[in-house]
**Student:** 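Okay, here's the structure, questions in a sec.
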Amino acid sequence: MTDTATDVYARLGVQRVINAAGRMTMLGGTHLSDDVAAAMAEAGRGYVRLDELKRRAGELIARFAGAEAGCVTTGAAAGIAQMAAACVVGDDPIAVELLPDVAHEKRDVLVQIGHMVSFGAPVAQMIRLGGGRAVSVGWANGVRPEHLRGAIGPNTAAFLYVQSHHTVHHGMLSLATCLEICHERGVPVIVDAAAEEDPRAIVAMGADAVTYSGGKAFGGPTSGLIAGRAAIVKGCVAQERGIARPMKVGKETIVGLLLALENYAARDDVAAKNEFARQERLVGAIVDGVAGLPGIHGRVIHDEAGRAIVRASIDVEPIDGRSAAGLAKFLTEGAVAIFPRGHHADEGYIAIDPRPIEQRDVGLIVSRVRAYVGR
Ligand SMILES: *Cc1c(COP(=O)(O)O)cnc(C)c1O
């Protein structure tokens with residue numbers, strides 16, 4: 001984030017935040033690269049036929065994901081609602097205007113019970129918004145293929161698979177199994193892959209449509225996309241005259257998203273190595289900065305999911321009432337609020353994620369950790 005961005009928030013009297021947690025919607029998602037921010041400003045100053053821009057965006061998104069067709073959305077949440085609507089009513093203009101009411105019964109959207117999650121809002125509610133009836137499949141401690149086969153009936157409009165760390169993984173059916181069972185019965189499979197990094201994998205496996213957030217892995221503005229079979233994407237776009245109207249995407253956002261996707265597709269090994277080296281520098285500086293503090297131990301840890309991310313772990317010994325959770329809370333309470341990753345606070349450590357921070361943030365983070373132990 002540049003100083004100008006910080007000034008904009010300060011002028012509104014809104015507190016500056018250092019995001020050391022990773023990609024967090026509640027802290028503003030990602031920060032835009034300079035070229036994406038500049039393209040959005042330029043797009044905002046001009047006029048364009050929005051339909052033409054959206055059509056072109058659809059073509060570029062299709063290419064990005066290796067799909068037949070694509071479209072822009074406000075996010076993956078809107079993507080779920082629009083994909084569900086496309087499976088329930090297609091692109092019939094009268095039915096589109098009637099949503100979320102539906103004049104027929106074929107509107108069940110099946111979801112494995114471990115995927116009936118809330119990502120900040122319930123997946124099931126997004127399905128209802130699109131006219132679907134969210135029907136859970138299987139049991140919390142296990143879903144078997146026969147549960148899914150048995151759940152498919154004349155009222156089944158679609159099956160939704162959620163690919164995410166938010167879901168239960170143990171005991172759920174794999175996407176490959178769900179695709180096989182659903183496609184045997186002609187049931188379309190739609191996928192919420194909001195934060196996934198590979199934009200082509202799910203389409204390549206044969207999913208009928210998939211939605212991603214633009215502002216998570218791909219580093220774009222707050223936005224999203226749908227990619228998939230042409231007939232379903234057509235149904236998703238048709239919702240712009242109905243439930244998706246309050247999910248309208250502006251020209252600036254479309255332009256910013258498309259440039260972010262282009263940059264993401266063009267990222268190469270050199271860029272990845274540079275980013276990893278940058279992370280190692282920042283993490284090393286934090287570990288060095290807290291070295292020797294009483295009851296505090298800094299170390300470098302690797303991403304649990306095996307991605308190319310290193311983080312600074314700060315272990316807090318329980319001396320004088322100190323704890324990892326106490327440190328996490330203390331960091332958020334300074335003049336500049338610092339948000340670390342707190343998932344492992346119960347195990348005695350917090351982590352600093354270097355992806356969203358800059359060199360100038362390191363000194364502030366270290367001095368706040370020192371302040372916590374009175375140094
Ligand atoms: C973030 C997220 C969403 C919502 O995505 P937005 O782009 O913020 O609308 C939906 N599903 C999952 C699994 C998510 O992680």
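Both ligands and their constituent atoms are indexed starting at 1 by order of listing. The chain is numbered in sequence order, starting from 1. Any value given below was found using the heavy atoms of this structure, including those in side chains, with hydrogens, waters and symmetry copies removed. Only a predicted model underlies this, so the values are computations on that prediction, with no experimental measurement involved.
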**Student:** With the threshold set at 4.0 Å, does a side-chain nitrogen-carboxylate oxygen contact exist between Glu333 and Lys329?
**Tutor:**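 Yes, charged N to carboxylate O under 4.0 Å.
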**Student:** Salt-bridged, Asp198 to Arg200, with N to O below 4.0 Å?
**Tutor:**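 Between Arg200 and Asp198 there is no salt bridge, as every charged N stays at least 4.0 Å from the carboxylate O atoms.
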**Student:** Show the atoms of ligand 1 that are less than 4.0 angstrom away from any heavy atom in Gly75.
**Tutor:**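 Those atoms are 7 (O), 9 (O).
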**Student:** Which of the atoms in ligand 1, numbered in the order shown and given with their element, are less than 4.0 Å from a heavy-atom of His166?
**Tutor:**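 Counting atoms of ligand 1 from 1, those under 4.0 Å from His166 are 13 (C), 15 (O).
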**Student:** For ligand 1, which is the ligand I care about here, please tell me if Ser164 has any N or O atom under 3.5 Å from one of the ligand's N or O atoms.
**Tutor:**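 No, Ser164 has no N/O under 3.5 Å of an N/O on ligand 1.
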**Student:** Mind checking whether Tyr372 and Phe330 have parallel, tilted or perpendicular rings, split at 30° and 60°?
**Tutor:**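 Ring orientation, 0 to 90° scale: tilted.
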**Student:** Flag Phe119 as yes when one of its N or O atoms lies below 3.5 Å from any N or O atom of ligand 1, and as no otherwise.
**Tutor:**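 N/O-N/O distance under 3.5 Å: no.
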**Student:** Suppose we measure from atom 7 (O) of ligand 1 to each protein heavy atom; which comes out shortest, and what is that distance?
**Tutor:**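 The answer is Ser213 OG, 2.7 Å.
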**Student:** Can you check whether Asp192 has an N/O within less than 3.5 Å of an N/O in ligand 1?
**Tutor:**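 In this structure, Asp192 places an N or O atom under 3.5 Å from an N or O of ligand 1.
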**Student:** Starting at CE of Met172, measure out to NE2 of His115 and round the result to the nearest 0.5 Å.
**Tutor:**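 It comes to 6.5 Å.
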**Student:** Is the shortest side-chain N to carboxylate O distance from Asp361 to Arg16 below 4.0 Å?
**Tutor:**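 Yes, Asp361 and Arg16 are salt-bridged.
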**Student:** Give yes or no for whether the N/O distance cutoff of 3.5 Å, strictly under, is met between Ala76 and ligand 1.
**Tutor:**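 Among all N and O atoms of Ala76, at least one is under 3.5 Å from an N or O of ligand 1.
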**Student:** Can you check whether Thr74 has an N/O within less than 3.5 Å of an N/O in ligand 1?
**Tutor:**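 No, no N or O pair falls under 3.5 Å.
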**Student:** Counting non-hydrogen protein atoms only, what is the nearest one to atom 9 (O) of ligand 1? Give residue, atom name and distance.
**Tutor:**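 Here the closest protein heavy atom is Ala77 N, 2.9 Å.
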**Student:** Would one find more than 12 heavy atoms of other residues, nucleotides or ligands at under 6.0 Å from atom CZ of Arg63?
**Tutor:**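 Not buried by this count: 12 neighbours or fewer within 6.0 Å.
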**Student:** Looking at Glu196 and Lys216, is any side-chain nitrogen of the basic one under 4.0 Å from a carboxylate oxygen of the acidic one?
**Tutor:**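 Salt bridge absent between Lys216 and Glu196.
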**Student:** May I ask you to identify, for Lys216, whether its side chain, its backbone, both or neither come under 4.0 Å of ligand 1 on a heavy-atom basis?
**Tutor:**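 Side chain only.
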**Student:** So which bit of Ala194 gets within less than 4.0 Å of ligand 1, heavy atoms only: side chain, backbone, both or neither?
**Tutor:**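 The answer is the side chain.
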**Student:** Going by an N to O cut-off under 4.0 Å, is there a salt bridge joining Arg133 and Glu105?
**Tutor:**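 Salt bridge present between Arg133 and Glu105.
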